[in-house]
Amino acid sequence: GVIMQTVYTIGVSFTAELLAKAAYEETLGRLAALIRGGNRAPLDELSAKQAADYAAFLQQVPWYEWDFEADRAALIAGNGGSFRDEERALSLGLEYGAKARYATVIAKAVEVVGDDQLTLRMIVAGVPEETLAALDGVTVIERRLQGIEIEAPRYRELTRLLVEMTEADARFIEIAGNDDILFTATSSGPAYGALHSFDRQGYGDRRHLFLVKVRNLANLLRSLESRGLALEHVHDY
């Protein structure tokens, strides 16, 4: 239904964006870098920092809330006048401008249907209520027969909290009303039991997808290190 349409729309548009960006950067972008020589231009440094800041932002906040216009203004202000700087200011400025306009459209659409919930609820057992209440971002809702119901932030913060609770010997009974959950982990080699595995370009390792029962999640997270795996992200709903 609506969820699948949203997933397909995002997938197609994101793929088209990356294809267009790759087509430019692997041709005209590389030519501009060749003309520049071995020393990075000021806007090379600035755009790299902008990309890193944007990546960190996306771990917790929807992309359309990023200030692309501020990034474009920073490119103009930092332009030293070299050929590479002019090329970066033009190409990335056009990209940021297009994203800023698209973000405005998406933000208005979100206002109509409502924002994504930034928190979710789960039931946790095996740890005292006081331990859960002391975790940053966690609110204890009530004690239930199966465990303690809490409200916690989603996205990257959820992964951090799940690790902290696992280290405190917690057991997860239910997360957002679901019995199954997906998490990703990385390693230098294969991983037994993975739903899917593939190489991570530029990292020299492999990413593995695991679809598991929520009740088994804590034990599996505890076993990762002994299996040569590093937790990457626990995906919520």
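Hydrogens, waters and symmetry mates are skipped; everything else that's a heavy atom, side chains included, is used. A quick note: this is a predicted structure, and the numbers were derived from the prediction, not measured.
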Tell me whether [Y] is reachable from [X] by hopping between hydrophobic residues (I, L, V, M, F, W, Y) whose side-chain heavy atoms are closer than 4.5 Å.
X      : Y      : answer
Leu90  : Phe83  : no
Leu158 : Ile173 : no
Leu209 : Leu229 : no
Val234 : Val124 : yes
Tyr24  : Leu75  : no

- Could you give me the CA-CA distance, side-chain angles and deciding distance for Arg215 and Arg171, then say whether side chain to side chain contact (heavy atoms under 4.5 Å, CB included) is met? CA-CA 7 Å; Arg215 288 176 179 266; Arg171 291 180 287 109; 5.7 Å; no

Between [atom1] on residue [X] and [atom2] on residue [Y], distance to nearest 0.5 Å:
X      : Y      : atom1 : atom2 : result
Gln146 : Glu174 : CD    : CD    : 7.0 Å
Asp67  : Phe57  : CG    : CZ    : 9.0 Å
Leu217 : Arg222 : CG    : CZ    : 9.5 Å
Asp205 : Arg200 : CG    : CZ    : 4.0 Å
Leu92  : Leu43  : CG    : CG    : 8.0 Å
Ile141 : Leu132 : CD1   : CG    : 11.5 Å

- Message: Please verify the inter-ring angle class for Phe183 with Phe210; under 30° counts as parallel, over 60° as perpendicular, anything in between as tilted.
- Response: parallel

- Query: Can the ring centroids of Tyr54 and Phe68 be said to lie less than 6.0 angstrom from one another?
  - Reply: yes

- Item | Pairing of Glu164 and Arg160 as salt bridge, 4.0 angstrom limit | yes

- Query: Does a salt bridge link Arg88 with Glu25, judged by any charged N lying under 4.0 Å from a carboxylate O?
  - Reply: yes

Check: [Y] main-chain N/O paired with [X] side-chain donor or acceptor under 3.5 Å:
X      : Y      : answer
Gln50  : Asp71  : yes
Glu149 : Glu142 : no
Gln60  : Glu157 : yes
Arg84  : Ile35  : no
Ser197 : His208 : no

- Query: So with a 6.0 Å cut-off around CG of Asn39, is the heavy-atom count from everything else above 12?
  - Reply: no

- Go through Arg121 and Ile150 one step at a time and tell me if the side chain to side chain contact (heavy atoms under 4.5 Å, CB included) criterion holds. CA-CA 6 Å; Arg121 293 193 177 187; Ile150 64 172; over 6 Å; no

- Query: Which atoms form the tightest heavy-atom contact between Ala170 and Ala218, and what is the distance?
  - Reply: O-CB, 3.3 Å

- From the list Asp236, Leu211, Val212, side chain to side chain contact (heavy atoms under 4.5 Å, CB included) partner of Ile181 resolves to Val212

- Item | side chain to side chain contact (heavy atoms under 4.5 Å, CB included) evaluation trace for Leu162 with Met122 | CA-CA 11 Å; Leu162 291 174; Met122 66 177 74; 4.1 Å; yes

- Message: Leu58 vs Tyr155, test: side chain to side chain contact (heavy atoms under 4.5 Å, CB included). Steps then yes/no.
- Response: CA-CA 9 Å; Leu58 291 179; Tyr155 308 121; over 6 Å; no

